[in-house]
Amino acid sequence: MASYPYQIKNFEEYQQAYNQSVVDPEGFWGNVAEHFLWRKKWDKVLEWNFKDPDIKWFQGGKMNITENCLDRHLATLGNTPAIIWEPNDPEERHRILTYRELYNKVCQFANVLKNNGVKKGDRICIYMGMIPELAIAVLACARIGAIHSVVFGGFSAQSIADRIQDAQCNLVITCDGAFRGNKDIPLKSVIDDALMACPSVKKVIVCTRTRTPISMLKGRDVWWEDEIKQVETMGNPPCSAEEMDAEDMLFILYTSGSTGKPKGVVHTCGGFMVYTNYTFVNTFQYKPGEVFFCTADIGWITGHSYILYGPLSAGATTLLFEGVPTWPDAGRLWDITDKFRVTTLYTAPTAIRSLMGFGLGPVNHKDLSSLKKLGSVGEPINEEAWHWFKDHIGKGKCPIADTWWQTETGGHMITPIAGITPEKPGYATLPLPGVQPILVDENGKEIQGNGVNGNLCIKFPWPGMLRTTYGDHERCRKTYFATYENLYFTGDGCMRDEDGYYRITGRVDDVLNVSGHRIGTAEVENAINMHAGVVESAVVGYPHDIKGQGIYAYVICDTNPSKDAELTKKDIIQTVSRIIGPIAKPDKIQFVSGLPKTRSGKIMRRILRKIAENELDNLGDTSTLLDPAVVDEIKRGRL
Ligand code: WT7
């Protein structure tokens with residue numbers, strides 16, 4: 001049975017752990033890291049500076065994360081479910097993979113990768129639906145030291161191509177298609193389009209899921225199942241794990257920022273392993289035998305950290321759900337909870353709000369008595385959704401961990417520890433041990449005391465933090481470490497209330513959070529501008545009841561689109577969908593004749609945001625604008 005000596009058991013232990021982590025961070029993390037499987041122990045726990053930045057955890061340590069997620073559990077947990085897979089269609093049979101079975105399948109597919117020429121350090125793009133083979137593919141890469149770059153199934157061919165080119169991937173793993181709700185997503189056909197612009201890709205491995213007819217390119221495309229058969233005819237040889245340096249790259253995951261181009265956030269083996277495990281075990285207070293259900297997609301960091309690596313390294317049972325919360329009906333998550341006696345449900349405010357909209361019908365008469373703990377992630381949770389989750393799903397007896405973190409942080413940073421530290425609706429509350437948040441003003445001066453607001457920074461490294469942005473370290477420095485000297489800047493605004501609890505107030509940069517997905521306004525603008533009739537555009541967020549933020553686009557066309565305005569809007573939306581993916585589709589498009597610009601040509605987004613938010617009386621100073629009259633026009637045309 002797995003045990004977690006570093007699991008915090010009460011508030012006093014939290015305070016002790018927190019204090020130690022600040023006074024002696026190396027001692028603190030060194031003690032946690034002792035409980036993992038290392039081929040060779042590290043020479044030094046931490047070496048760092050935020051100037052370059054240069055951050056090394058567990059330097060000199062040799063390990064492989066899959067030995068920690070699989071091999072080390074075999075003796076005690078071999079027959080314990082590692083992954084429970086629930087398909088999209090409730091009529092289809094679920095699958096359970098024990099730790100032994102998952103180990104065998106990962107080794108088998110790792111051998112497939114080797115047979116296809118994959119070597120340590122190669123970048124592999126994974127574009128699949130939420131099926132066990134996705135987990136197997138990810139772990140197989142990690143097993144042989146290949147760097148995975150998972151791309152969410154909702155991204156378009158263009159977005160995939162950008163990501164493949166940036167990382168120079170040489171192999172793609174995909175499926176014929178994916179089932180999501182009532183939709184079939186033609187993954188392989190999207191990959192075929194993407195690969196026209198990706199000469200670095202020599203091989204595509206296609207796993208069968210939907211049996212959608214697809215074309216297979218001779219010499220490039222092979223079937224997952226055929227490749228597995230080959231390994232079977234070789235007698236299923238074992239696949240020893242590649243020995244990795246703690247600071248070797250584990251994966252790249254692309255995320256949006258305030259420029260037009262997504263950046264490849266890089267996480268490394270040792271620190272990511274220790275941090276996802278530590279935060280999983282502590283935040284959710286995982287106990288052996290519990291069933292952990294995170295509803296995120298593995299295409300996002302939440303899935304990497306809390307469907308795969310965190311739970312599996314802890315020997316937990318993790319539930320992988322292929323579908324969506326509202327199909328075939330809005331009771332789907334509750335049925336799954338009942339079916340597998342889920343103990344912890346970790347989901348997103350947008351999902352909660354959308355399910356709230358269906359009323360209590362789909363919840364009533366569902367047996368949710370197995371639930372002990374709840375979690376929320378992705379965006380600030382409004383109090384109404386928090387209480388609904390607490391009362392109607394947790395039946396008043398489950399703590400809620402509102403976990404604030406980011407793709408870049410690798411794991412939870414500020415969150416209640418379920419049932420151990422206090423919770424407060426709408427608040428991420430207190431930092432986990434090892435996390436040192438500070439609030440600063442625009443000049444980077446620390447704001448001390450309580451009852452204050454500022455920009456959220458972190459002043460000391462933690463093992464799960466990003467190390468670089470792939471292929472462009474300078475960009476990493478500029479984005480995260482240059483705004484404020486010697487601090488990691490999160491891009492979030494934050495308040496610290498009278499009790500010292502943190503409440504995230506949202507992004508302070510030009511990044512939107514739509515249904516918990518991060519979307520850069522510049523990216524959406526670039527996509528809109530691809531439309532032949534568009535001259536210029538400006539995109540801002542506005543409050544949206546379900547998505548949290550909606551996308552509001554102000555668009556200048558070369559001819560007045562008034563006659564076929566609706567048609568042009570549809571066209572623009574389709575363009576964005578093709579360039580980025582359906583997640584970035586604007587909710588509102590307003591045609592304008594000009595945009596509010598300063599004399600130096602900078603768009604005054606503050607004004608556009610205020611108009612989109614319908615705060616028309618309070619636009620601030622518009623006297624510095626080149627053409628103040630345009631503001632009145634935009635106000636009149638507000639949607
Ligand atoms: C941004 C990170 C972390 C995995 C999912 C999103 C916002 C995330 C919370 C929360 C308030 C939150 C922040 C953050 N965010 N969790 N519990 N409360 N805001 O990862 O795409 O990297 O986005 O999501 O604005 O910066 P991501």
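Note that ligands are numbered from 1 as they come in the structure, with each ligand's atoms numbered from 1 the same way. Note that the structure is predicted; figures quoted are calculated from it, not measured.
Closest to atom 13 (C) of ligand 1 among all protein heavy atoms lies Asp492 OD2, 3.1 Å. Looking only at protein heavy atoms, the nearest one to atom 4 (C) of ligand 1 is Thr302 OG1, 3.2 Å. Regarding atom 16 (N) of ligand 1, its nearest protein heavy-atom neighbour is Gly378 N, 3.1 Å. Scanning the protein for heavy atoms near atom 2 (C) of ligand 1, the closest one is Trp405 O, 3.6 Å. If you check which protein heavy atom lies closest to atom 11 (C) of ligand 1, you get Pro380 N, 3.1 Å.
Residue Arg507 touches ligand 1 through its side chain alone, judged by heavy-atom distances below 4.0 Å. In Thr415, neither the side chain nor the backbone holds a heavy atom less than 4.0 Å from any atom of ligand 1. When non-hydrogen atoms are compared, ligand 1 lies under 4.0 Å from the side chain of Asn513 (C-beta onward) but not from its backbone. Contacts with ligand 1 closer than 4.0 Å are made by backbone heavy atoms (N, CA, C, O) of Glu379 only, the side chain lying farther away.
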What's the verdict on salt bridge (charged side-chain N to carboxylate O under 4.0 Å, His left out) for Arg332 and Glu86, showing C-alpha distance, side-chain angles and the deciding distance? CA-CA 11 Å; Arg332 190 73 170 105; Glu86 172 66 14; 2.9 Å; yes
Passes side-chain hydrogen bond (donor to acceptor under 3.5 Å, both in side chains), Thr268 versus Glu247? Steps please. CA-CA 5 Å; Thr268 55; Glu247 279 298 336; 3.3 Å; yes
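Every atom of ligand 1 with a heavy atom of Thr403 under 4.0 Å away is listed here by number and element: 9 (C), 10 (C), 16 (N), 17 (N). Under a 4.0 Å criterion applied to the non-hydrogen atoms of Asp402, ligand 1 contributes the atoms 10 (C), 17 (N), 18 (N). Close approach to Ile301 involves these atoms of ligand 1, each under 4.0 Å from a residue heavy atom: 4 (C). Below 4.0 Å from some heavy atom of Val377 lie the following atoms of ligand 1, by number and element: 3 (C), 4 (C), 5 (C). Taking a cut-off of under 4.0 Å to the non-hydrogen atoms of Arg518, the atoms of ligand 1 that pass are 2 (C), 21 (O), 22 (O), 23 (O), 27 (P).
More than 12 heavy atoms of other residues, nucleotides or ligands lie within 6.0 Å of NZ in Lys424, so this atom counts as buried by the packing criterion. In this structure, Lys547 places its NZ atom where more than 12 heavy-atom neighbours from other residues, nucleotides or ligands lie under 6.0 Å away. Counting non-hydrogen atoms of other residues, nucleotides and ligands closer than 6.0 Å to NZ of Lys478 gives a total of 12 or fewer.
Residue nearest to atom 20 (O) of ligand 1, selected from Thr505, Thr407, Ile414, Ile504: Thr407 (by heavy-atom distance).
Side-chain contact check for Asn277 and Tyr6: at least one donor-acceptor pair (N or O, by modelled atom type) lies under 3.5 Å. Between the side chains of Tyr306 and Thr403, not a single donor N or O lies within less than 3.5 Å of an accepting N or O.
Between Phe155 and His517, the ring centre distance reaches or exceeds 6.0 Å.
Counting only distance, with no hydrogens or angles, the side chain of Tyr470 and the backbone of Phe251 share no donor-acceptor pair below 3.5 Å.
Using a 30° and 60° split on the angle between ring planes, Phe292 and Phe284 fall in the tilted class, from 30° to 60°.
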